[in-house]
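Heavy atoms only: backbone and side chains are in, while hydrogens, waters and symmetry mates are out. Keep in mind that what you see is a predicted model, and the values were worked out from it rather than measured. All ligand and atom numbering here is 1-based and tracks the order in the structure.
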Amino acid sequence: MLSSIKGSLQKQGIRLTRQRQILLDLIDKSGQHLDAESLFQLAQEKDAKLNRVTVYRTLKLLKQEGLVDELDLMHYGGDQHYYETRMKQEHAHIICLRCGKVEEFFGEPLQKLRRQIEADFGFQILLARTEIGGYCSHCQVLRSREVEEVAAAPLKVKAKVRKAS
Ligand SMILES: [Zn+2]
Ligand SMILES: [Zn+2]
């Protein structure tokens, strides 16, 4: 996958510096959606000389060049932004708002939606981002247990709330 990124960079006349290569590699291989701070930590393991400013600046450049996508994933982690390679096929992100697990939905319905919007609005879509927030199956169980606990022991929970405030 990285070779195709290198090819597209060469076409655009962009030099793949060492820090860009390290970051692209990390984003591409992680298969996850890492935030800037995690990427900085990982990049530093590869090259101790890389500092935070360089990493953040490089991420910004990669975004401007259209090589990586910056996501906020429904802000489940506050103001944090997450990065993934643009080389992936278009997909929707399904985010658990309780544990932060992120799943990816690939598939024809997304392409269909895109085509329908283009037809209905006479719109040329350049970028589409689909984010869906909710609770994963694991968290649904935990949440229903929490609700039961609240119902069973209202006094204990009230006491806990008072302590926290
Ligand atoms: Zn969850
Ligand atoms: Zn993704």
Side-chain angles (χ1 to χ4, degrees), residues 1-9 12 14 16 19-46 52 55-118 123-153 157 160-161 164:
M1 209 186 260
L2 199 61
S3 57
S4 63
I5 295 177
K6 278 178 196 158
S8 93
L9 277 175
Q12 294 176 63
I14 298 164
L16 194 57
Q19 56 259 37
R20 280 188 206 189
Q21 186 152 356
I22 288 174
L23 280 167
L24 270 177
D25 217 24
L26 286 170
I27 294 168
D28 191 44
K29 288 206 177 109
S30 85
Q32 295 172 47
H33 306 85
L34 296 171
D35 61 45
E37 190 58 29
S38 310
L39 283 166
F40 162 65
Q41 306 280 352
L42 290 167
Q44 233 190 6
E45 281 171 28
K46 301 222 167 191
R52 193 175 265 107
V55 168
Y56 279 63
R57 200 198 299 131
T58 305
L59 283 172
K60 202 173 155 194
L61 282 170
L62 291 172
K63 192 183 101 180
Q64 282 166 359
E65 288 156 4
L67 292 164
V68 303
D69 240 346
E70 190 180 55
L71 313 162
D72 61 48
L73 298 178
M74 307 221 69
H75 292 285
Y76 86 86
D79 288 336
Q80 208 66 261
H81 285 142
Y82 306 86
Y83 299 87
E84 76 178 345
T85 163
R86 285 284 291 276
M87 297 295 137
K88 267 188 181 178
Q89 200 204 325
E90 193 176 317
H91 56 278
H93 290 112
I94 299 142
I95 304 120
C96 178
L97 301 173
R98 190 177 184 280
C99 69
K101 187 168 134 191
V102 181
E103 308 238 57
E104 295 182 327
F105 172 78
F106 292 85
E108 178 55 24
L110 283 177
Q111 312 302 320
K112 208 173 150 190
L113 178 67
R114 181 189 265 262
R115 285 195 299 272
Q116 196 175 337
I117 288 167
E118 292 197 316
F123 195 79
Q124 181 191 15
I125 298 176
L126 296 178
L127 181 78
R129 205 166 277 159
T130 312
E131 294 190 342
I132 293 152
Y135 299 117
C136 72
S137 54
H138 181 68
C139 288
Q140 285 172 51
V141 174
L142 292 176
R143 271 178 58 83
S144 65
R145 216 175 278 162
E146 280 162 8
V147 171
E148 274 167 34
E149 272 170 31
V150 170
V157 172
K160 232 187 261 170
V161 169

Check side-chain contact (heavy atoms from CB on, under 4.5 Å) between Leu110 and all other residues, then give those that pass, not counting sequence neighbours.
Ala92, Phe105, Thr130

Within the distance-only criterion (no hydrogens, no angle test), does the side chain of Glu118 pair as donor or acceptor with the backbone N or O of Ile125 below 3.5 angstrom?
yes

Looking just at side-chain N and O atoms, do Glu45 and Gln41 make a donor-acceptor pair shorter than 3.5 Å?
no

Any idea which heavy atoms bring Gly66 and Arg86 closest together, and the distance?
O-CG, 3.3 Å

Only counting residues at least two apart or in another chain, list the ones meeting salt bridge (Lys or Arg N to Asp or Glu O under 4.0 Å) with Lys46.
none

Tyr83 side chain to Glu70 side chain, donor-acceptor N/O pair below 3.5 angstrom
yes

Do the rings of Phe106 and His91 sit parallel, tilted or perpendicular, given the 30° and 60° boundaries?
tilted

Counting C-beta onward and ignoring hydrogens, is there a side-chain heavy-atom pair between Val102 and Leu73 closer than 4.5 Å?
yes

For the Zn ion (ligand 2): protein N/O/S atoms at distances below 2.8 Å:
5

Minimum side-chain heavy-atom gap Thr85-Leu24 below 4.5 Å:
no

Metal environment of the Zn ion (ligand 1), protein N/O/S under 2.8 Å:
Cys96 SG, Cys99 SG, Cys136 SG, Cys139 SG

